[in-house]
Visitor: 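Before I ask anything, let me first share the structure, which is written out below as structure tokens.
Protein chains get the first letters and strands the later ones, always in sequence-line order, with residue 1 at the start of each.
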Amino acid sequence: MAKNIVSLIKANSSVCHLAQIHTHLIRTHLIFDVFHCNAMLNAYNQVSSPSKAFSFYRHMRSLGVRDNSFSSSFVLKSCAKIPSLHHVQQIHGRILQGGHQSDSLLLTSLMDVYSICRDLESVRKLFDEASQRDTVTWNVLISSFTSNNRTRDALLLFDAMQSPEYGSEPDDVTCLLLLQACAHLAALDFGQRIHQYADDHGFGNLFKIRNSLIAMYSRCGSVDKAYKVFDEMSERNVVTWSAMISGLAMNGYGREAIDAFIEMRRAGVIPDEQTFTGVLSACSHTGLVDEGRKLFDMMRFEYGLLPNVCHCGCMVDLLGRAGLLDEAYRFIVNEMRVQPDAAIWRTLLGACRIHRYVDLGERVIKHLIELKAQHAGDYVLLLNIYASAGNWEAVSDLRRLMKERGIHTSLGCSTVELGGKIHEFIAEDDSHPRKNEIYAMLDEIAQQLKIAGYIANLDSELHDMDDSEKDSALYYHSEKLALAFGILATPPGRTLRIAKNLRICVDCHNFTKVLSNVYNRMVIVRDRNRFHHFKGGFCSCNDYW
DNA sequence: CTAGGGTTAG
């Protein structure tokens, strides 16, 4: 009899039936049998009702059912879907009470769920106190760092885990996680190290590693290396092609990205949503309006894919950047089947900045405020629009408003990688051990650039200060510090790679253009949006003027 | 007594 009910639970795929079974279990007192309870927990997870799983767990606990490690394992799974630190702590407590603290699989699940709840301290504590740590334990720790904005620390773990003290071997998953971290930091040297490691250990040819390498090299601004990886592959799946297409697109090779898309179809690989995100963004960065429109239709009518917010964002960017701002606005209001999110409005705001559309910019900000999603960066864009239109009154009004509402712009932060070590610069930062040299170098560079015709663009400094203060504040933008350090610490002619958390400002953009000429350096800056390849006084992007 | 678990490509 009891066996039948378990198979009934397993066979059921609806929350409604499970609720009936729940009632039945109570009536028949079978609910006091942990085996039945665990089957229920598992079933709720499988019909993706994590909250039902958790309330069932609470119910069985309140009845005093003796749960076991299976129960914890099942209910942890549901916690991963609806993160709640409070719930996780309760389960953690039960695991300890039940004496399962040396079940390493249970502990790694627990670490993962703490990480999802953004409680890294607990993750770390569990890790440190674990009786044994295998590669997976390390991977979970690394993953908890990479998914919680601690990418730099994640990279450090690659060496730590291999140290004689621990002696864990990184595996393919470790490499994947670290490649993503490198992509995030634009850490090319470190990425190459991981590449080498993967090749040496026999998993360099896995699809997931190769595909991840393409993305990493692209996001480090090295399309040629990404292409080499791509080219050497004898088989390519949709992820491979999409990674290559996006890589080309984000580095300014829009035409090549579209060609790759055509070649992909010829090779018989079916594009999916993300492929279209890549190829549409290629169109928008390159200003290929007609191609973009055609591809948008192809996606819907030939492949039956529903446009998501990313696709629509690309279309808005495409139209907006091309100066068709009213059409872009109509597209959002009339044609989008999905609810426009903040990113969509923000894209349009960016186009308003490029084309100096003050009125539309103000309307867009209202939409953002409606969504309660206005970031500091949005106000900065609007400030930029006012400033470029010479409306200083509006600039100071908006600045006052920002002050009143307590909107703080986040600090600019740039990173440079040197010999596998990540150097971080924050605006007006003086924490770097070589700060004196760096500031002296920055002085020298500024003098050289002024001779070559660089003039500080004071409009870029949007804080409330007088011109001479502006001059020096601009001076200490994080990317300039990173540039000075790069010039200082690398041999002449070496390409400089910088990753920045915010959008590069017009002044830094000019500064870098002139610098690339005067110092004869390639400079590759990845900002929040895309890459800028500076060479001989020019930049590959057409967003700044 | 039965049952199951950790990280993971664009």
Visitor: Taking salt bridge (charged side-chain N to carboxylate O under 4.0 Å, His left out) as the definition, give me every residue that meets it alongside Asp199(A), ordered by chain and number, with sequence neighbours left out.
Guide: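 Here no residue qualifies.
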
Visitor: Categorize Ser69(A) for me: base, sugar-phosphate, or nothing, with a 4.0 angstrom heavy-atom threshold over every strand shown.
Guide: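 Contact class for Ser69(A): base.
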
Visitor: Between dG10(B), dT8(B), dA3(B), which one does the side chain of Val173(A) approach most closely?
Guide: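 Given the options dG10(B), dT8(B), dA3(B), the side chain of Val173(A) is closest to dT8(B).
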
Visitor: Expressed as a whole number of angstroms, how long is the span from Tyr44(A):OH to dG4(B):P?
Guide: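 Rounding to the nearest Å, OH of Tyr44(A) and P of dG4(B) are 19 Å apart.
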
Visitor: Return yes if the base of dG10(B) and the side-chain atoms of Ser242(A) contain a donor-acceptor N/O pair under 3.5 Å, otherwise no.
Guide: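 Counting by modelled atom types and ignoring angles, a donor-acceptor contact under 3.5 Å is found here.
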
Visitor: If you take any heavy atom closer than 4.0 Å to DNA chain B, which residues from residues 245-263 of chain A end up in contact?
Guide: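 Of all residues in residues 245-263 of chain A, none places a heavy atom under 4.0 Å from DNA chain B.
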
Visitor: Are the ring centres of Phe54(A) and Tyr44(A) closer than 6.0 Å?
Guide: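 Centroid distance Phe54(A)-Tyr44(A): not below 6.0 Å, so no.
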
Visitor: Return yes if the base of dG10(B) and the side-chain atoms of Asn237(A) contain a donor-acceptor N/O pair under 3.5 Å, otherwise no.
Guide: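 No, no donor-acceptor pair under 3.5 Å.
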
Visitor: For the side chain of Leu176(A), starting at C-beta, report the closest nucleotide among dT8(B), dT7(B), dG4(B).
Guide: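 Of the options given, the side chain of Leu176(A) lies nearest dT8(B).
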
Visitor: Pick base, sugar-phosphate or nothing for Val140(A), based on heavy-atom distances below 4.0 Å to the nucleic acid.
Guide: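 Sugar-phosphate, backbone atoms only, no base.
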
Visitor: What does Thr137(A) touch in the nucleic acid at a heavy-atom separation under 4.0 angstrom: a base, only the sugar-phosphate, or nothing?
Guide: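 Base, at least one base heavy atom under 4.0 Å.
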
Visitor: Would you say the side chain of Asp134(A) and the base of dG6(B) hold a donor-acceptor pair, judged only by whether the two atoms sit under 3.5 Å apart?
Guide: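 Looking at the base of dG6(B), it does pair with a donor or acceptor on the side chain of Asp134(A) (distance under 3.5 Å).
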
Visitor: Atom CZ of Phe127(A) to atom C1' of dG6(B): distance rounded to whole Å?
Guide: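 About 13 Å, once rounded to whole Å.
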
Visitor: Is Asn45(A) touching bases, backbone alone, or none of the nucleic acid, heavy atoms closer than 4.0 Å?
Guide: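 No contact at all - Asn45(A) keeps every heavy atom at 4.0 Å or more from the nucleic acid.
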
Visitor: Rounded to whole Å, how long is the line connecting atom CG of Asp112(A) with atom P of dG5(B)?
Guide: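 Taking CG of Asp112(A) and P of dG5(B), I get 15 Å after rounding.
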
Visitor: Determine the contact category for Thr275(A): base if any of its heavy atoms lies under 4.0 Å from a base atom, sugar-phosphate if only primed atoms, P, OP1 or OP2 are that close, otherwise nothing.
Guide: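 The residue Thr275(A) makes base contact.
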
Visitor: The side chain of Asp33(A) is closest to which nucleotide in this list: dT2(B), dG5(B), dT8(B)?
Guide: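 Looking only at side-chain atoms, Asp33(A) lies closest to dT2(B).
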
Visitor: Write down the distance between CG (Leu41(A)) and C1' (dT2(B)), rounded to a whole number of angstrom.
Guide: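 Interatomic distance, CG of Leu41(A) to C1' of dT2(B): 16 Å.
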
Visitor: In a table with atom names and distances, give each donor-acceptor pair under 3.5 Å that connects a side chain of residues 300-315 of chain A to protein atoms at least two apart or in another chain.
Guide:
{"from": "Arg300(A)", "atom 1": "NH2", "to": "Asp297(A)", "atom 2": "OD1", "distance (Å)": "2.5"}
{"from": "Glu302(A)", "atom 1": "OE2", "to": "Arg265(A)", "atom 2": "NH2", "distance (Å)": "2.4"}
{"from": "Tyr303(A)", "atom 1": "OH", "to": "Arg265(A)", "atom 2": "NE", "distance (Å)": "2.8"}
{"from": "Asn308(A)", "atom 1": "OD1", "to": "Cys310(A)", "atom 2": "N", "distance (Å)": "2.9"}
{"from": "Asn308(A)", "atom 1": "OD1", "to": "His311(A)", "atom 2": "N", "distance (Å)": "3.0"}
{"from": "Asn308(A)", "atom 1": "OD1", "to": "His311(A)", "atom 2": "ND1", "distance (Å)": "3.0"}
{"from": "His311(A)", "atom 1": "ND1", "to": "Asn308(A)", "atom 2": "N", "distance (Å)": "2.9"}
{"from": "His311(A)", "atom 1": "NE2", "to": "Glu273(A)", "atom 2": "O", "distance (Å)": "2.8"}
{"from": "His311(A)", "atom 1": "NE2", "to": "Thr277(A)", "atom 2": "OG1", "distance (Å)": "3.2"}

Visitor: To the nearest Å, how far apart are Asn38(A) CG and dG5(B) C1'?
Guide: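 It is 12 Å, rounded to the nearest whole Å.
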
Visitor: Taking distance alone, no hydrogens or angles, what donor-acceptor pairs closer than 3.5 Å link side-chain atoms of residues 202-212 of chain A to residues at least two apart or in another chain?
Guide:
{"from": "Arg210(A)", "atom 1": "NE", "to": "Gly204(A)", "atom 2": "O", "distance (Å)": "2.9"}
{"from": "Asn211(A)", "atom 1": "OD1", "to": "Thr240(A)", "atom 2": "OG1", "distance (Å)": "2.8"}
{"from": "Asn211(A)", "atom 1": "ND2", "to": "Phe207(A)", "atom 2": "O", "distance (Å)": "3.3"}
{"from": "Asn211(A)", "atom 1": "ND2", "to": "Asn237(A)", "atom 2": "OD1", "distance (Å)": "3.4"}

Visitor: List the atom pairs, donor and acceptor, that lie under 3.5 Å between side-chain atoms in residues 120-131 of chain A and the rest of the protein, sequence neighbours left out.
Guide:
{"from": "Ser122(A)", "atom 1": "OG", "to": "Asp119(A)", "atom 2": "OD1", "distance (Å)": "3.2"}
{"from": "Ser122(A)", "atom 1": "OG", "to": "Asp119(A)", "atom 2": "OD2", "distance (Å)": "2.6"}

Visitor: Under 3.5 Å, is there a donor-acceptor pair between the Ser109(A) and Asp112(A) side chains?
Guide: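 No, no side-chain donor-acceptor pair sits under 3.5 Å.
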
Visitor: Report yes or no: is the cationic atom of Arg193(A) (NZ for Lys, CZ for Arg) closer than 6.0 Å to the six-membered ring centre of Phe190(A), at no more than 45° off its axis?
Guide: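 Judged by the rule (NZ or CZ under 6.0 Å from the ring centre, within 45° of its axis), Arg193(A) counts as positioned above Phe190(A).
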
Visitor: With respect to the side chain of Val136(A), which nucleotide from dT7(B), dG10(B), dA3(B) is positioned closest?
Guide: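 In terms of side-chain proximity for Val136(A), the closest of dT7(B), dG10(B), dA3(B) is dT7(B).
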
Visitor: Quickly work out the His184(A) NE2 to dG10(B) P distance and round it to whole Å.
Guide: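 So the NE2-P distance, His184(A) to dG10(B), works out to 13 Å.
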
Visitor: Pull up the glycosidic torsion of dG6(B) and say syn or anti, syn being anything within 90° of 0.
Guide: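 Here dG6(B) takes the anti form, which means its glycosidic angle is more than 90° from 0.
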
Visitor: To the side chain of Val239(A), which of dG10(B), dT2(B), dG6(B) is closest?
Guide: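 Out of dG10(B), dT2(B), dG6(B), the nucleotide with an atom closest to Val239(A)'s side chain is dG10(B).
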
Visitor: Of the listed nucleotides (dG4(B), dT8(B), dG10(B)), which one gets closest to any side-chain atom of Leu106(A)?
Guide: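 The listed nucleotide nearest to Leu106(A)'s side chain is dG4(B).
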
Visitor: Whole Å only: how far is the CD atom of Glu273(A) from the P atom of dG10(B)?
Guide: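 Taking CD of Glu273(A) and P of dG10(B), I get 16 Å after rounding.
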
Visitor: Counting side-chain heavy atoms from CB outward, which of dG6(B), dA9(B), dG10(B) is closest to Leu105(A)?
Guide: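 Of dG6(B), dA9(B), dG10(B), dG6(B) is nearest to the side chain of Leu105(A).
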
Visitor: Would you say Gln180(A) reaches dG10(B)'s phosphate, i.e. side-chain N/O to OP1/OP2 under 4.0 Å?
Guide: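 Result: yes.
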
Visitor: Nearest whole angstrom, please: distance from the C1' of dG10(B) to the CE of Met264(A).
Guide: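 Those two atoms, CE and C1', are 10 Å apart.
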
Visitor: Pull out every residue in residues 72-103 of chain A that has a heavy atom closer than 4.0 Å to any atom of DNA chain B, ordered by number, or say none.
Guide: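 Within residues 72-103 of chain A, the residues near DNA chain B are Ser73(A), Asp103(A).
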
Visitor: Exactly one of His87(A), His86(A), Arg94(A) should register a side chain to side chain donor-acceptor pair (under 3.5 Å) with Gln90(A). Which one does?
Guide: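 Checked His87(A), His86(A), Arg94(A) against Gln90(A); only one passes side chain to side chain donor-acceptor pair (under 3.5 Å): His86(A).
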
Visitor: Would you tell me whether His100(A) and Asp103(A) have side-chain atoms, one donor and one acceptor, within less than 3.5 Å of each other?
Guide: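 No - no donor-acceptor pair under 3.5 Å links their side chains.
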
Visitor: List the atom of Leu177(A), the atom of Ser143(A), and the distance in Å for their closest heavy-atom pair.
Guide: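 Closest approach of Leu177(A) to Ser143(A), heavy atoms only: CD2-CB, 3.9 Å.
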
Visitor: Which residue, Asp231(A), Ile214(A), Val269(A), forms the side chain to side chain contact (heavy atoms under 4.5 Å, CB included) with Arg236(A)?
Guide: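 Passing option: Asp231(A).
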
